[in-house]
Each structure stands twice: as C-alpha cells, then as structure tokens.
Amino acid sequence: MLVGLSAVLSPVLVQPRRHALPIALAVQAAGIALPAVVDGSAPVAVVLFGGTFLGIAATALKLGAGLGVPRAAAILTAGYSAGQIAGPLVAAPLLRHGYDAALLLAAAIVAVAAITAPAPLSRRPAGARRPRRTTPAAPAG
C-alpha cells in the first residue's frame, strides 16, 4: 500500500528535466538495495521505489520522444516489457536463500541504467548550432 501511495507523488517528484532520469534511477536503485543491506529499512525503501517508479517511466517516454527516433515510445515500451518478463526469470533462482541476492541484482541493473542514462543531447547537428546573440548586430557602414 505504501508503494502505491508513494507512486501517486512520483510524477510530481520526478519532473522531466535535464538530469531527472539518472537521479531518479539512482534513488530507485538505492531503494531496491536498501532492504538487502539494512535490516528494518523496508518502509524507507518502499517510499524510495514508489516515489520514483511512475516518474521514471513518464520521463523516459518524454525524453525518448524528444530524441527524434521514429516510434521511440514503442521501442522504450517494448524494452521495458522485455525487462518485466526477463526479470522474474533471472531472479527466481536467486530466491533459494532469501531476497537479498535478487534485490541486489535488480539494484545493480537499475544503477547501470542510471549511469547510462545521461542527459539527452540536442537533436541538432553540432555544425548547425550557433551561439545565441545577446545584443542586436550593429548596422554595417
């Protein structure tokens, strides 16, 4: 229930800004790993996870759409779906001795996502970028 309540705030907490995605993914990775390394930390972990979950999905879709790649939302959704299918298959064998190994693996995967999700680059080629003028040009003469 606490994850759901935290998720309600997620779109407000994780705004689609320049560095929001890597930061939110890092917070989520910490929330996933926390119960595996600190006893009694589950309530805090659930808030960290739930508070970032929906915001990460919304931000990734918005940033993906801004990259100019055709069908970016469909590609991102398919990739996310593949992870949702593969995750339990990979984690199930790790559950023989508790949840710690599965949580740490999931946290590591999300941490890699945080590291590899840099701020989006401009869609304009480098040669097309011009510095913005701050003062009007003087008349020639």
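When a residue number appears, it is its place in the shown sequence, counting from 1.
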Practice task
Run through Ile109, Ile32, Val37 and flag the one making a side chain to side chain contact (heavy atoms under 4.5 Å, CB included) with Leu104.
Solution key: Val37
Practice task
Indicate if Val112 and Val110 have the same hydrophobic cluster label, given that clusters are the connected sets of ILVMFWY residues with side-chain heavy-atom separations under 4.5 angstrom.
Solution key: no
Practice task
Could you tell me the separation between the CG atom of Leu25 and the OG1 atom of Thr52, rounded to the nearest 0.5 Å?
Solution key: 7.5 Å
Completion exercise
In this structure, CG of Leu61 is separated from CD1 of Ile75 (nearest 0.5 Å) by 11.5 Å
Handout entry: ring-ring contact (aromatic ring centres under 6.0 Å, His included) contacts in which one or both residues fall within residues 35-90, not counting sequence neighbours
Key = Phe49-Phe53
Handout entry: Contact check, side chains of Leu103 and Leu34, non-hydrogen atoms, under 4.5 Å
Key = no
Problem - For the student: nearest non-hydrogen atoms of Ala72 and Gly64, plus distance - result: CB-O, 3.3 Å
Practice task
Kindly compute the distance separating OG1 (Thr116) from CG (Leu21), expressed to the nearest 0.5 Å.
Solution key: 9.0 Å
Completion exercise
For Ala33 and Ala107 the tightest heavy-atom approach is CB-CB, 3.6 Å
Fill in the blank from the handout: Taking every heavy atom of Pro22 against every heavy atom of His19, the minimum-distance pair comes out as CD-O, 3.4 Å
Completion exercise
Taking every heavy atom of Ala102 against every heavy atom of Ala91, the minimum-distance pair comes out as CB-CB, 4.1 Å
Problem - Single-linkage hydrophobic cluster, 4.5 Å side-chain cutoff, Val3 and Leu54 together - result: yes
Handout entry: Nearest atoms (heavy-atom pairs only) where Ala45 meets Gly31
Key = CB-O, 3.1 Å
Exercise for the section: Determine, using the 4.5 Å side-chain heavy-atom cutoff (strictly less than), whether Leu63 and Ile56 are members of one ILVMFWY cluster. Expected result: yes
